[in-house]
Amino acid sequence: MSQPNLGNVTAIIGTQWGDEGKGKLVDILAEQYDWIVRATGGANAGHTIYVNEKKFVFHQVPSGALQLNTKMIIGNGCVINLPSLADEIQLLTNEGISLAGRFFISDRAHLVCDYHKKIDVLQEEMKGGKKIGTTGRGIGPAYSDKINRMGLRVGELINWEKFEAHYRSNLAHIQKMYPALEHNAEEELLAFKQHREELLPYITDTVTLLHAQTLAGKKILLEGANATMLDVDYGTYPFVTSSNASIGGIITGTGIPPRNIDSIIGILKAYTTRVGAGPFPSELDNETGEYLRTKGGEFGSTTGRPRRCGWMDTVVARYAVMINGLTHINLTKLDVLTGLETIRIVTGYKVNGKTLESFPSDLDQLYRENGMELEYLDMPGWTEPLDTCASFEELPANAQSYVKKLEEIIGLPMTFIGVGYNRSQLITK
Ligand code: GDP
Ligand code: IMO
Ligand code: MG
């Protein structure tokens, strides 16, 4: 099978509401790249990789870690929680995977403190019935501090006295805003001081480093986290994360100029899932939804929450192609659809009889009680398992037709097709 020409710099982006299977493709492609770079998000992400039935879940460390010749960067657009990063590094070390000399953390990335996590929980409580259903990892409050120009940056850890003074003044400010916040600053500072010793060697000006690597012709894989529909600008706001999870965030979160990116692969699950609250037009609140959840193992990699499941929504997919300028698609988890008699594809949204041009910003338009109707195309299913199919031609005829129909509606080739969670279960078309 000939490999697609992806060029030197490739971005991988979630096209739906997350958990499309980004980690698996990053792990597989990592072998062909010199650098794997995370650009946005933090420990809200959970990227799962299986190697010989052993499961690894990456939250902050880029998913290239298992390919030992690959170097990794946590970019400036990320928010980092030091204790959980140290835990992740320890887990890898326990498996004999060393990051020494091949791992770099941007000095411009921001820190997530324990008080950010507490504020995340407090804010959710204050929202009552309008909870976002965050991962509770302090992501929103940490990005709020960044945008509010009071965040703590990783590079500040180099000068401990200055860092400590900044930390204390921030906390004093935050405690005025949240009088109910209970926080032990001495305990957290002590933990930071310990982790700092371990992490100092990794702190780097990654922006300059990446530019030099690009000029040297090195191959760079940019690992998106979260997903387009969770993007703070383009997603289902306010039911989104607090960063730009689409292509814009890849650029601001690494310092790589847009014109240097050669290919942008969208990861598209063969059906749709969402964790947390917010509108989900193609959701199946019935036994088919339950079938997808059980068969697809749809439980959050970060929080273990059951994922909401629904049909493939090509309004969402086309929107993701448009926003990100996708050049290729990796259709994932096609194997999970085996056994369904009919497979539905959402092709359009109609509100009060009028078809919408694209995904709307007004969330009220996305609820059936407000006159919203879905337009469907029904495709015949198949019964054969797909897990040993090694080429497109080996897929059952109806699975091929499903893929071709998606290509026709979405307007892009499904260059990679996932037929199982193992590294080998990826068809290149
Ligand atoms: P990510 O956050 O986008 O990296 O995705 P997650 O790791 O949160 O969730 C995707 C899940 O689907 C993981 O458990 C993967 O091992 C699994 N997975 C990925 N691709 C496939 C596939 O083609 N088939 C099946 N059955 N599972 C897959
Ligand atoms: P990966 O990279 C699925 C969702 C949360 C919640 C909303 C806001 O594994 O695909 P946050 O903690 O970010 O403030 O939560 O965003 N969310 C994700 N859902 N996969 C993710 O990442 C997610 N990252 C954030 O469930 O609805
Ligand atoms: Mg995930």
Side-chain angles (χ1 to χ4, degrees), residues 12-28 38-51 53-60 62-63 78-79 81 112 116-117 119-121 123-124 131-144 223-232 235-243 245 266-271 273-280 292 295-308 330-338 385-387 389 416-427:
I12 286 189
I13 292 185
T15 60
Q16 295 153 316
W17 280 278
D19 305 326
E20 299 90 352
K22 298 175 286 292
K24 180 188 159 189
L25 189 68
V26 171
D27 169 62
I28 292 172
R38 271 280 302 268
T40 59
N44 52 353
H47 298 177
T48 315
I49 293 162
Y50 282 88
V51 183
E53 297 303 321
K54 182 155 182 63
K55 181 178 177 179
F56 293 86
V57 183
F58 291 90
H59 298 288
Q60 299 182 94
S63 305
C78 296
V79 287
N81 182 253
V112 181
H116 291 125
K117 291 199 207 173
I119 295 168
D120 195 351
V121 175
Q123 284 182 339
E124 284 283 87
K131 285 186 182 36
I132 289 165
T134 70
T135 58
R137 297 296 190 270
I139 303 296
Y143 277 116
S144 300
E223 175 180 359
N226 326 120
T228 305
M229 300 312 287
L230 293 169
D231 182 288
V232 68
T236 44
Y237 189 90
F239 300 97
V240 292
T241 189
S242 298
S243 62
I267 313 295
L268 179 71
K269 206 181 275 189
Y271 48 97
T273 62
R274 171 164 210 175
V275 218
F280 179 178
L292 293 171
K295 190 134 185 274
E298 297 297 354
F299 296 89
S301 319
T302 297
T303 58
R305 291 176 292 177
R307 294 175 183 151
R308 299 155 65 192
N330 172 196
L331 186 71
T332 64
K333 303 189 97 163
L334 185 63
D335 52 299
V336 175
L337 298 181
T338 288
L386 309 186
D387 50 322
C389 294
F416 302 99
I417 301 169
V419 290
Y421 55 76
N422 281 311
R423 276 178 175 167
S424 59
Q425 291 170 311
L426 185 78
I427 293 173

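Heavy-atom basis, side chains included; hydrogens, waters and symmetry copies ignored. In listed order, ligands and their atoms are each counted from 1.
Nearest protein neighbour of atom 15 (O) of ligand 2, counting heavy atoms only, is Thr134 CA, 3.4 Å. Looking at atom 26 (O) of ligand 2, its nearest protein heavy atom turns out to be Arg305 NH2, 3.0 Å. Of the protein's non-hydrogen atoms, Thr135 OG1, 2.6 Å is the one closest to atom 12 (O) of ligand 2. Gly46 O, 2.9 Å is the protein heavy atom nearest to atom 2 (O) of ligand 1. At the shortest separation from atom 27 (O) of ligand 2 among protein heavy atoms lies Val275 O, 3.2 Å. When only non-hydrogen protein atoms are considered, atom 27 (N) of ligand 1 lies nearest to Lys333 CE, 3.4 Å.
Salt bridge annotation for Asp120-Arg137: absent, with no cationic side-chain nitrogen under 4.0 angstrom from a carboxylate oxygen. Between Glu298 and Arg274, no side-chain nitrogen of the basic residue sits less than 4.0 Å from a carboxylate oxygen of the acidic one, so the salt-bridge criterion is not met.
Inclusion of Tyr50 in the set of residues having an N or O under 3.5 Å from an N or O of ligand 1 is not warranted. Between Gln425 and ligand 1, not a single N/O pair is under 3.5 Å apart. Annotation: Gly21 places an N or O atom under 3.5 Å from an N or O atom of ligand 1; distance criterion only. At a 3.5 angstrom cut-off on N or O pairs, His47 counts as close to ligand 2. When only interatomic distances are considered, the shortest N/O to N/O separation between Ser242 and ligand 2 does not fall below 3.5 Å. Here's the thing with Glu20: one of its N/O atoms is less than 3.5 angstrom from an N/O atom of ligand 1. At a 3.5 angstrom cut-off on N or O pairs, Gly136 does not count as close to ligand 2. Checked against a 3.5 angstrom limit, the closest N/O atoms of Asp120 and ligand 2 fall outside it.
Heavy atoms of Arg307 approach ligand 1 to within less than 4.0 angstrom. Under a 4.0 angstrom heavy-atom cut-off, Ala225 registers as being in contact with ligand 2. Residue Gly420 places a heavy atom less than 4.0 Å from ligand 1. Residue contact annotation: Trp17 has a non-hydrogen atom under 4.0 Å from ligand 2.
Under a 4.0 Å criterion applied to the non-hydrogen atoms of His47, ligand 1 contributes the atoms 1 (P), 2 (O), 4 (O), 7 (O). Every atom of ligand 2 with a heavy atom of Gly276 under 4.0 Å away is listed here by number and element: 27 (O). Residue Gly133 approaches ligand 2 through these ligand atoms, each under 4.0 Å from one of its heavy atoms: 5 (C), 6 (C), 26 (O), 27 (O). Near Ser301, with a cut-off below 4.0 Å to any heavy atom, the atoms of ligand 1 are 6 (P), 7 (O), 8 (O). Close contacts between ligand 2 and Ile132 involve ligand atoms 8 (C), 27 (O) [criterion: under 4.0 Å to a heavy atom]. Of all atoms in ligand 2, numbered sequentially from 1 with element shown, those under 4.0 Å from a heavy atom of Lys22 are 1 (P), 2 (O), 10 (O). Close approach of ligand 2 to Asn226 is summarised as follows: ligand atoms under 4.0 Å from at least one heavy atom of the residue are 1 (P), 2 (O), 10 (O), 22 (O), 23 (C), 24 (N), 25 (C). Close approach of ligand 1 to Gly418 (heavy-atom distance below 4.0 Å) involves ligand atoms 23 (O). Listed by number with element, the atoms of ligand 1 under 4.0 angstrom from any heavy atom of Lys24 are 19 (C), 20 (N), 23 (O). Of all the atoms in ligand 1, the ones that sit under 4.0 Å from a non-hydrogen atom of Val419 are 23 (O).
Nearest to atom 4 (O) of ligand 1 by heavy-atom distance, out of Gly296, Ser63, Gly23, Gly300, is Gly23. The residue among Thr273, Thr303, Leu230 with a heavy atom at the shortest distance from atom 19 (N) of ligand 2 is Leu230.
Closer than 2.8 Å to the Mg ion (ligand 3) sit the protein N, O or S atoms Asp19 OD1, Gly46 O.
Contact annotation: for Asp335 versus ligand 1, heavy atoms closer than 4.0 Å belong to the side chain alone. No part of Ile267 comes within 4.0 Å of ligand 1, judged by heavy-atom distances.
Cation-pi geometry between Lys54 and Phe56 is satisfied (NZ or CZ under 6.0 Å from the ring centre, within 45° of the ring normal).
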